[in-house]
Number of protein chains: 2
Amino acid sequence: MSKVDKEAIIRAAEEVVREKGARKLTLDAVAAQCGLSKGGLLHHFRTKQALLQAMLESSIACESELAAEYAAKGGDSGGPLASRIHSMFALMEDEETLPRALIAAVAEDPALLEPIKAKEAKIRDELGGKCSDPDLALLLLFATRGLFLGRVLGVMEPGDPIFERLRKRLLELSADLD
Amino acid sequence: MSKVDKEAIIRAAEEVVREKGARKLTLDAVAAQCGLSKGGLLHHFRTKQALLQAMLESSIACESELAAEYAAKGGDSGGPLASRIHSMFALMEDEETLPRALIAAVAEDPALLEPIKAKEAKIRDELGGKCSDPDLALLLLFATRGLFLGRVLGVMEPGDPIFERLRKRLLELSADLD
DNA sequence: CAAAACCAACCAACTAGACGGTATGTTAGC
DNA sequence: GCTAACATACCGTCTAGTTGGTTGGTTTTG
C-alpha cells in the first residue's frame, strides 16, 4: 500500500494551497488530498500549526539545498549572490513549495515567519561580507525576490518571457560583484 | 456621532489583518473593530468577497494616487519609473493598506487578484515604451517590489536602514533610464 | 518457539466553537 | 410613511481537535 510519510503530507498540503488557496488549507482537505483520515493526519502532526511549521522548514531546506548545489556545480564562476539567484529561479520553475507554505503561514499566523526572518538575515550577512558592493548585491537579490513573489502571488503569468530575460540580466550584473 | 462609512470599514478590515493575520479577517472581527453589528456591516458589503474586493480596489487607487502625485511634484526630474519607486516606498512608510488587502485576498481567493494583474501589465507597458532600457527598468521595479513584499510579509523589520539606502540607490539608477 | 505485550499507524464518530449569511426587526431623518 | 442604516437572533456548515477504537507487525518473555 502507498505508505504515507510526513513528506507526502507536506506535499499534499502544498497541493491544497495551490488548488484552492491558503484559506482553504484545512486538515480535512489535506487529509483527503493524501488519502488519509483526519485522525491519521493528526497522528503525524498533532496540530495544524505543527504542519505549517513543517511546511516552512521543508521549504527553507529545499531552497538551501538548491543554492548549495549551484554553488558546488558552478565552482568559482559564481559567488553566493549568483547561487541565490539561481536557486530562486529554480524554485520558480520546478515547484513553488516555499511560496505556498509562505502564503499559508502568513495567512494563519505571521509569527510562524520567524525562521524565514532568521534565514534572511543570514543571507544578507553572507552577501555583505563577500561582495564589493553589498547594497547593489542586495538590490539584485530583492529584484529576484520581487520576480519570485510576483510569480508566487499570481500577479505574473508563468510563461512570461521576462523571466528568462531578467534571469540573464541578473546573472550578468551579479558577475561583476561576486 | 462617529459615522461609519465604507471607507471606515475597509480601514477596520486592514487593522484586523495587521493585528491578527489574514486568516482571522472575519466579518465578526471587522464588525467589532469598527463598532458595528455584523448585520450592520453586511448592510454595507453584502458578502465577504465584496469587502475584499473593495479593499483591493481602494488600495490600488491609493497607490495610483501616490504615483501621480509624485509624477506631478517631481516635474520632469523623474520619469514613470521614479514615480513608481517613490509611490511604493511611500506606501511602505505610511500605511500598508495594499499589502494587507493583498494578503487577505490571496488567502481567501487568488482569483481576486485579477485587477492587480491588469495594473501590473499597464505599468509594464508604460515603462517599456518610455525607457531606454526597458528590461533594466523592470529589474529596478521588481527590486522595489521585492523590498515592498518583504516588508509586507513581515520578513523584514520596519526600521531597517536598508530601506533608505536602497531607495536612494534605486532612484539614482532610475535617473539614468527615465 | 509460541504466546503475550507492545506499539506505530491508522480510522470513524464525535464535540465545541467559529464562521458566513439570512430573517426580522427597530429607529432616525427626509 | 418611506428608506437607509443599523441591531438581534438564529441557522447550517465548516473546522480544529478529541476519543476510543482496530490492525498488523515487532519485541519480550515463559
Side-chain angles (χ1 to χ4, degrees), chain A residues 1-58 100-101 103-112, chain B residues 1-58 100-101 103-112:
Chain A
M1 270 289 120
S2 58
K3 273 243 174 132
V4 174
D5 63 349
K6 297 202 175 194
E7 206 54 46
I9 293 174
I10 291 173
R11 297 279 154 74
E14 286 162 356
E15 191 61 18
V16 170
V17 176
R18 200 194 60 184
E19 281 175 5
K20 308 188 185 172
R23 180 62 191 280
K24 294 189 176 163
L25 177 66
T26 65
L27 295 181
D28 288 284
V30 175
Q33 180 69 35
C34 58
L36 217 61
S37 70
K38 186 152 66 172
L41 169 61
L42 282 164
H43 171 73
H44 290 281
F45 296 101
R46 280 201 303 228
T47 67
K48 187 181 178 183
Q49 238 203 4
L51 172 58
L52 287 167
Q53 229 166 304
M55 285 174 75
L56 266 184
E57 276 162 23
S58 151
R100 281 172 207 157
I103 291 176
V106 173
E108 189 77 22
D109 175 12
L112 282 168
Chain B
M1 270 289 124
S2 59
K3 272 246 176 127
V4 174
D5 61 350
K6 298 202 175 195
E7 206 53 46
I9 293 174
I10 290 173
R11 297 278 154 74
E14 286 162 357
E15 192 62 18
V16 170
V17 175
R18 201 194 60 184
E19 283 176 4
K20 308 188 185 171
R23 180 61 191 278
K24 292 188 177 164
L25 177 66
T26 65
L27 295 180
D28 287 286
V30 174
Q33 179 69 35
C34 58
L36 216 60
S37 69
K38 186 153 68 170
L41 169 60
L42 282 164
H43 171 73
H44 290 282
F45 297 100
R46 280 202 299 233
T47 66
K48 188 181 178 184
Q49 239 204 1
L51 171 59
L52 286 168
Q53 229 167 302
M55 287 174 74
L56 267 184
E57 275 162 23
S58 151
R100 279 171 209 158
I103 291 175
V106 173
E108 189 77 23
D109 174 13
L112 282 168

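Below, chains carry the letters A, B, ... as their sequence lines are ordered, and counting in each starts from 1. Hydrogens, waters and symmetry mates are skipped; everything else that's a heavy atom, side chains included, is used.
When all heavy atoms of B:Ala105 and B:Leu56 are compared, the pair lying nearest together is CB-CD1, 3.8 Å. What you find for B:Val30 and B:Ala12 is that their closest heavy atoms are O-CB, 4.2 Å. Across all their heavy atoms, B:Ser58 and B:Glu7 have their closest contact at OG-OE2, 3.8 Å. Summarising the geometry of B:Ala104 relative to B:Val17, their closest heavy-atom pair is CB-CG2, 4.2 Å, with the distance given to 0.1 Å.
By the 4.5 Å heavy-atom criterion applied to side chains, A:Glu108 and A:Leu51 are not counted as neighbours. Annotation: side chain of A:His44 is in contact with side chain of A:Leu36 (closest heavy-atom distance under 4.5 Å).
In this structure, CD of B:Gln49 is placed 16 Å from C1' of C:dC19, rounded to the nearest angstrom. Atom pair B:Leu41:CG and C:dC19:P shows a separation of 14 Å (rounding to whole Å applied). For B:Leu27 and D:dC6, the CG to P distance is 16 Å, given to the nearest whole Å. Between A:Lys48 atom NZ and D:dT18 atom P the separation is 15 Å, expressed in whole Å. Computed from coordinates, the A:Glu108 CD to D:dT15 P distance equals 12 Å when rounded to whole Å. In this structure, CG of B:Asp28 is placed 9 Å from P of C:dA18, rounded to the nearest angstrom. Atom C1' of nucleotide C:dG20 and atom CZ of B:Arg23 are separated by 14 Å, given to the nearest angstrom.
The CZ atom of B:Arg18 sits 12.5 Å away from atom CD1 of B:Ile103, with the distance rounded to the nearest 0.5 Å. Rounding to the nearest 0.5 Å places CD of B:Glu57 at 8.5 Å from CD1 of B:Ile10.
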N/O to N/O distances under 3.5 Å, protein versus nucleotides 22-30 of chain C:
none

Close N or O pairs between protein and nucleotides 21-27 of chain D (under 3.5 Å):
none

Are any protein N/O atoms closer than 3.5 Å to N/O atoms in nucleotides 12-14 of chain D? If there are, list each pair with its distance.
none

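The side chain to side chain donor-acceptor pair (under 3.5 Å) analysis of residues 30-41 of chain A, with sequence neighbours excluded, yields the pairs A:Asp28-A:Lys38.
A distance-only check finds a donor-acceptor pair linking the side chain of B:Lys48 to the backbone of B:Leu25 [under 3.5 Å].
OP1 or OP2 of D:dA7 has not a single side-chain nitrogen or oxygen of B:His43 nearer than 4.0 Å. Considering only side-chain N and O atoms, B:His44 lies nowhere under 4.0 angstrom from the phosphate OP1 or OP2 of D:dA4.
Among the nucleotides D:dA7, C:dA12, C:dG21, the one closest to the side chain of B:Ser37 is D:dA7.
Salt-bridge formation is not detected for the pair A:Glu15/A:Arg11: no Lys NZ or Arg NE/NH1/NH2 atom is positioned less than 4.0 Å from an Asp or Glu carboxylate oxygen.
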Report the C-alpha separation of A:Leu52 and A:Asp109 in whole Å, then their side-chain angles, then the decisive distance to 0.1 Å, and conclude whether the side chain to side chain contact (heavy atoms under 4.5 Å, CB included) test is met.
CA-CA 10 Å; A:Leu52 287 167; A:Asp109 175 12; over 6 Å; no

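Contacts of B:Leu36 with the nucleic acid, taken as non-hydrogen atoms under 4.0 Å apart, involve only primed sugar atoms and P, OP1 or OP2.
Every residue meeting the side-chain contact (heavy atoms from CB on, under 4.5 Å) condition with A:Ala31, not counting sequence neighbours, appears here in chain and number order: A:Leu41.
Contacts between residues 9-22 of chain B and DNA chain D, defined by a heavy-atom separation under 4.0 Å, are absent.
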